[in-house]
Amino acid sequence: MGPVRAVACRFMEVRDLHPWPSTPEEAEAIQDRLRPLLELDVPGPASPRTVAGLDVSYAGDGGGTGTRLAAAVVVLDAATLDVVEESVAVGTAAFPYVPGLFAFRELPTLLDALRNLKTTPDLLVCDGFGVAHPRRFGLACHLGVLTGLPAIGVGKTAFVGTYDPPGGRRGDASPLMHGDEEVGRVLRTRDGVKPVFVSVGHRADLGSACRTVLALAPEYRLPETTRRSDRLSRDALGT
DNA sequence: GCGACAG
DNA sequence: ATCTTGTCGC
């Protein structure tokens, strides 16, 4: 029983705990039920050897249910940024787009892509947020709990929270505050370029998450993990 | 009450 | 997310 099973079994186990939601109320209830399973106070992967980037592309309108989509996972060697493994899965949007319930749209197809992986990555880098979420349970949290793997989120725009603009140089960061809690960090990955929003999802700490994101983004604003998975998912749609 | 709101 | 032209800059 190899790594493939480790991911697949984890998903099956959790999926059996609840039916797929058909209403926003049911979806919120699932988030509330899974949130206690989060492990947030553990030191994140200090130096992950392999890091998986996940992203989804849509064909046509990306608002409703049933839209065709492609989910891609690209595993990189964290030290060299070389591609270790790739996986793509096509499917349909499993839920309408509702801010705060975004994960339910692409989760099934993302898990399909993860299931086909032979590698068990040391860290999942998701497109979106972790605990920087209205109910502290964004996509990175959901994926982390379902797979049992350390997971973080990297968002391109703010969702919840307030912050002061970080310094203008690469590496500068400022806390993303929600109430009196630091739910994430606004991190500048390139001099003079719009920062990204990093938050923890599962089994990771914010400091390690930011260091890893910086290491993954030596040249461009977005980490190579998301750039690679974005390209792969786009290609899979044929467009 | 009204608007804003990850991808 | 996706629909889209040209344009400024490294």
Side-chain angles (χ1 to χ4, degrees), chain A residues 21 24 27-28 30-31 34-35 38 53-74 88-111 113 124-145 151-163 170 176-179 183-187 189-202 206 209 213 217-223 225-239:
Chain A
E28 287 183 17
I30 290 171
Q31 292 180 327
L34 296 184
R35 193 185 320 103
L38 284 177
L54 302 84
D55 193 30
V56 173
S57 291
Y58 294 77
D61 172 52
T65 309
T67 310
R68 270 176 46 80
L69 53 77
V73 181
V74 176
V88 204
V90 294
T92 56
F95 207 79
Y97 173 69
V98 179
L101 302 177
F102 168 62
F104 293 96
R105 264 178 97 52
E106 15 189 86
L107 217 40
T109 313
L110 278 171
L111 289 166
L124 262 36
V125 178
C126 310
D127 214 60
F129 292 108
V131 296
H133 176 276
R135 280 174 303 285
R136 300 284 191 279
F137 202 77
L139 174 64
C141 299
H142 212 138
L143 272 170
V145 167
I152 64 173
V154 179
K156 295 180 282 292
T157 62
F159 185 26
V160 297
T162 58
Y163 61 93
R170 165 179 161 83
L176 178 62
M177 303 299 294
H178 195 199
V183 294
R185 209 158 280 169
V186 187
L187 177 65
T189 52
R190 289 198 67 182
D191 292 358
V193 174
K194 187 186 202 298
V196 298
F197 301 78
V198 180
S199 58
V200 157
H202 185 57
L206 195 49
V213 169
E219 187 174 3
Y220 299 100
R221 177 195 176 219
L222 297 177
T225 36
T226 63
R227 297 186 73 246
R228 293 275 193 173
S229 53
D230 175 77
R231 190 174 180 182
L232 181 57
S233 63
R234 217 171 284 249
D235 290 347
L237 282 180
T239 306

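Protein chains get the first letters and strands the later ones, always in sequence-line order, with residue 1 at the start of each.
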K.L.:
Can you measure A/Phe95 atom CZ to C/dA1 atom P for me and round it to whole angstrom units?
P.N.:
20 Å

K.L.:
To the nearest Å, give me how far apart NZ (A/Lys156) and P (B/dC5) are.
P.N.:
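Answer to the nearest Å: 16 Å.
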
K.L.:
CG of A/Leu237 versus P of C/dA1: gap in Å, rounded?
P.N.:
13 Å

K.L.:
If we require ring centres under 5.5 Å and near-parallel planes under 30°, does A/Tyr58 stack on B/dG7?
P.N.:
no

K.L.:
Below 4.0 angstrom from OP1 or OP2 of B/dC5, is there any side-chain N or O of A/Thr157?
P.N.:
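No.
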
K.L.:
Across the strands shown, which category fits A/Gly100 at heavy-atom distances under 4.0 angstrom: base, sugar-phosphate, nothing?
P.N.:
base

K.L.:
Name the nucleic acid region contacted by A/Gly138, choosing base, sugar-phosphate or nothing; use a 4.0 angstrom heavy-atom cut-off, strictly under.
P.N.:
base

K.L.:
Answer yes or no as to whether B/dA6 has its base stacked against A/Phe159, where stacking requires a ring-centre separation under 5.5 angstrom and planes under 30 degrees apart.
P.N.:
yes

K.L.:
Give the rounded distance in Å between these two atoms: CD of A/Gln31 and P of B/dA6.
P.N.:
15 Å

K.L.:
Considering just the side-chain nitrogens and oxygens of A/Arg234, establish if one lies under 4.0 Å of OP1 or OP2 belonging to C/dT2.
P.N.:
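For C/dT2, OP1 or OP2 has a side-chain N or O of A/Arg234 closer than 4.0 Å.
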
K.L.:
Side-chain N or O of A/Thr67 less than 4.0 angstrom from OP1 or OP2 on C/dA1?
P.N.:
no

K.L.:
May I have the distance from A/Phe197 (atom CZ) to B/dA6 (atom P), rounded to whole angstrom?
P.N.:
11 Å

K.L.:
Whole Å only: how far is the CG atom of A/Leu101 from the P atom of C/dA1?
P.N.:
18 Å

K.L.:
What integer distance in Å separates A/Asp55:CG from C/dT2:C1'?
P.N.:
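In whole Å, C/dT2 C1' and A/Asp55 CG are 13 Å from each other.
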
K.L.:
Examine distances only and state if a side-chain atom of A/Arg68 and a backbone atom of A/Gly91 form a donor-acceptor pair shorter than 3.5 Å.
P.N.:
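Side chain of A/Arg68 to backbone of A/Gly91: no pair is present.
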
K.L.:
Under 4.0 angstrom, heavy atoms only, what part of the nucleic acid is A/Leu69 near: base, sugar-phosphate, or nothing?
P.N.:
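Since no nucleic acid heavy atom lies under 4.0 Å of A/Leu69, the category is nothing.
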
K.L.:
So, does A/Tyr97 get its side chain near the phosphate of B/dA6, meaning an N or O under 4.0 Å from OP1 or OP2?
P.N.:
yes

K.L.:
Would you please classify the geometry between the A/Phe159 ring and the A/His133 ring as parallel, tilted or perpendicular, with 30° and 60° separating the classes?
P.N.:
perpendicular

K.L.:
Using whole Å, report how far CG of A/Leu176 lies from C1' of B/dC5.
P.N.:
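Checked: the CG to C1' distance equals 14 Å.
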
K.L.:
Once the angle between the rings of A/Phe137 and A/His142 is folded into 0 to 90°, is it parallel (under 30°), tilted (30 to 60°) or perpendicular (over 60°)?
P.N.:
tilted

K.L.:
Where do A/Asp127 and A/Lys156 land on the salt bridge (charged side-chain N to carboxylate O under 4.0 Å, His left out) test, with the steps shown first?
P.N.:
CA-CA 8 Å; A/Asp127 214 60; A/Lys156 295 180 282 292; 3.0 Å; yes

K.L.:
How about A/Arg135: does its CZ atom have over 12 heavy atoms from other parts shown lying under 6.0 Å from it?
P.N.:
yes

K.L.:
Is A/Ala132 touching bases, backbone alone, or none of the nucleic acid, heavy atoms closer than 4.0 Å?
P.N.:
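A/Ala132: no heavy atom of the nucleic acid under 4.0 Å.
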
